[in-house]
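Okay, structure first, notes after.
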Amino acid sequence: MANSLDELKKEIDGCKKCRLCEERKNIVFGVGNPNADLMFIGEGPGADEDEQGKPFVGKAGQLMDKAFDGVGIKREDVYIANIVKCRPPNNRDPQDDEASTCMDYLKEQINLVKPKIIVLLGRIALNNILGKEYGITKDRGRWIEKEGMLYMPVWHPAALLRDESKKIDFWKDLKTVKQKLQTI
Ligand code: URA
């Protein structure tokens, strides 16, 4: 068990625990405030993230930043990570064994950051963190409390790029999160 995010990051350096190591350029560990009350969990790095080693820096990330600005969430205040830390080839979904192998790292990150709220960005984050009985279409925008943690599933920002009508939900859900944060 690492004592800090920096220590964990060093431990993960060069990880070869699953096949995703074969084609990655960079491990995308996570960024943000190490003591954030609010944590965001995405799916896995895309091409831009793999290139830069940082989560949500491509088109989906830029859209997420716009929503953050709109509702008054500052990127430097939150912590952002992914279910898998290495880019799945051709942006395919992470496979179950890849996600579960990487989950030990994510759990350590959550334990170190100790957020009050975790926003689950999209289906992959929702199903891997809370289980496959949840569905993003039916459960987005709804608070889910589990083992003392508050979760808010929302559309993945990439889904907003494909379907603009989802933007309204995304903005609304982030507003709900921002309001809740001020009360806990
Ligand atoms: N999509 C994700 O799920 N995570 C990223 O870091 C970038 C795009």
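Each ligand, and each atom within it, is numbered from 1 in the order the structure gives. Predicted model only: the values in this text are computed from it and were never measured.
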For this session: Could you tell me whether G46 and ligand 1 have an N or O pair separated by under 3.5 Å?
Result: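 G46 vs ligand 1: no N/O contact under 3.5 Å.
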Exercise. Can you tell me if G44 has a non-hydrogen atom under 4.0 Å from ligand 1?
Worked result: yes
For this session: Search all heavy atoms of P88 against all heavy atoms of L20 and return the closest pair with its distance.
Result: CA-CD2, 3.6 Å
Problem set entry | Heavy-atom closest contact (C15 atom, I27 atom, distance) |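 That would be N-CD1, 3.8 Å.
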Exercise. Mind checking whether M64 and V57 sit in one hydrophobic cluster, side chains of I, L, V, M, F, W, Y counted as touching below 4.5 Å?
Worked result: no
As an exercise, identify every atom of ligand 1 less than 4.0 angstrom from a heavy atom of [X].
{"X": "E43", "value": "2 (C), 3 (O)"}
{"X": "G42", "value": "3 (O)"}
{"X": "H156", "value": "1 (N), 2 (C), 3 (O)"}
{"X": "P55", "value": "6 (O)"}

Problem set entry | Ring center gap for F68 and F56 short of 6.0 angstrom | no
Exercise. Do we see a donor-acceptor contact under 3.5 Å between the side chains of E11 and Y105?
Worked result: no
Problem set entry | Mode of E49 contact toward ligand 1 - side chain, backbone, both, neither (heavy atoms, under 4.0 Å) | side chain
For this session: Please work out whether any backbone atom (N, CA, C, O) or any side-chain heavy atom from C-beta onward of A60 is under 4.0 Å from ligand 1, and answer side chain, backbone, both or neither.
Result: neither
Exercise. Taking D163 for the side chain and S165 for the main chain, is one N or O donor matched with an acceptor at less than 3.5 Å?
Worked result: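 Such a contact is found between D163 side chain and S165 backbone.
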Problem set entry | Exam field: side chain K114 to backbone N111, donor-acceptor pair closer than 3.5 Å | yes
Problem set entry | atom 4 (N) of ligand 1 - nearest protein heavy atom and its distance |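 Atom 4 (N) of ligand 1 sits closest to the protein heavy atom N82 OD1, 2.8 Å.
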